[in-house]
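The shown structure was predicted, so the numbers you read here are calculated from the model rather than taken from an experiment.
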Amino acid sequence: MCIFLSFITCGIYGLYWLVCLANDVNTASGRTQDASGGMVLLLSIITCNIYGLYWMYKAGEKVDVARTSRGLPSQNNGLLYVLLSVFGLSIVS
């Protein structure tokens with residue numbers, strides 16, 4: 001549904017989704033002092049998505065922290081998230 005709404009709204013819903021995703025990843029990993037969703041969006045726009053690529057890598061690490069805190073095996077997907085973003089598939093990651 002999010003992909004469909006992102007397509008229909010010409011990417012505006014995708015920006016909202018990024019903000020929510022950044023906040024949710026911070027909450028799940030317990031790192032609430034990290035950059036908020038609004039800050040991630042603002043820095044991504046200002047740096048022409050260079051910060052967005054950095055954030056994708058860090059999000060992979062945060063998801064790994066959340067997984068290990070719940071007793072699941074460690075699986076750092078930060079590099080995979082960056083590669084998907086570089087090839088235009090950040091919505092998949």
Side-chain angles (χ1 to χ4, degrees):
M1 186 62 147
C2 293
I3 295 171
F4 177 72
L5 287 173
S6 223
F7 182 72
I8 294 298
T9 62
C10 299
I12 294 172
Y13 186 80
L15 299 175
Y16 168 73
W17 190 13
L18 174 65
V19 170
C20 291
L21 184 63
N23 290 332
D24 290 345
V25 167
N26 286 343
T27 302
S29 67
R31 296 183 183 177
T32 55
Q33 75 279 5
D34 287 353
S36 68
M39 186 60 71
V40 169
L41 176 63
L42 180 66
L43 289 173
S44 294
I45 291 171
I46 290 173
T47 62
C48 298
N49 205 33
I50 293 171
Y51 184 80
L53 295 174
Y54 168 76
W55 181 83
M56 281 290 187
Y57 181 77
K58 295 304 278 184
E61 290 180 355
K62 290 178 187 180
V63 168
D64 189 47
V65 167
R67 287 177 56 88
T68 55
S69 69
R70 288 165 177 77
L72 297 171
S74 179
Q75 180 179 338
N76 192 347
N77 289 327
L79 184 60
L80 176 64
Y81 294 170
V82 170
L83 288 175
L84 286 170
S85 295
V86 166
F87 291 111
L89 298 171
S90 60
I91 203 161
V92 173
S93 59

Query raised in the report: Counting N and O atoms only, with roles assigned by atom type, does the side chain of D64 sit under 3.5 Å from a partner on the main chain of Q75, one being a donor and the other an acceptor?
Result: yes
Query raised in the report: Which atoms form the tightest heavy-atom contact between G60 and Y81, and what is the distance?
Result: CA-CE1, 3.5 Å
Report summary line: Shortest non-hydrogen pair, G37 vs A22, comes out as CA-CB, 3.6 Å
Query raised in the report: Taking only residues two or more places apart in sequence, or in another chain, which ones meet L41 in a side-chain contact (heavy atoms from CB on, under 4.5 Å)?
Result: L15, L18, V19, I45
Query - Given Q33, R31, K62, the one that forms side chain to side chain donor-acceptor pair (under 3.5 Å) with N26 - result: K62
Calculate, to the nearest 0.5 Å, the distance between atoms [atom1] and [atom2] belonging to [X] and [Y] respectively.
X: S6; Y: W17; atom1: OG; atom2: CH2; value: 7.0 Å
X: T9; Y: Y16; atom1: OG1; atom2: OH; value: 12.0 Å
X: W55; Y: M39; atom1: CH2; atom2: CE; value: 14.5 Å
X: L83; Y: L53; atom1: CG; atom2: CG; value: 10.0 Å
X: Y57; Y: S85; atom1: OH; atom2: OG; value: 13.5 Å

**Report entry** Close aromatic pair by centroid cut-off 6.0 Å: Y54 and Y51
**Finding:** yes
Report task. Please report the C-alpha distance between S29 and V63 in whole Å, then the side-chain angles of each, then the deciding distance to 0.1 Å, and finally whether the side chain to side chain contact (heavy atoms under 4.5 Å, CB included) criterion is met. Result -> CA-CA 7 Å; S29 67; V63 168; over 6 Å; no
**Report entry** Beyond-backbone contact of P73 with R67, side-chain heavy atoms, under 4.5 angstrom
**Finding:** yes
Requested in this report: For residues K58 and D34, determine if any side-chain heavy atom of one lies less than 4.5 Å from a side-chain heavy atom of the other.
Outcome: no
Requested in this report: Answer with yes or no whether the hydrophobic clustering places L21 together with V65; edges join I, L, V, M, F, W, Y residues whose side-chain heavy atoms lie under 4.5 Å apart.
Outcome: no
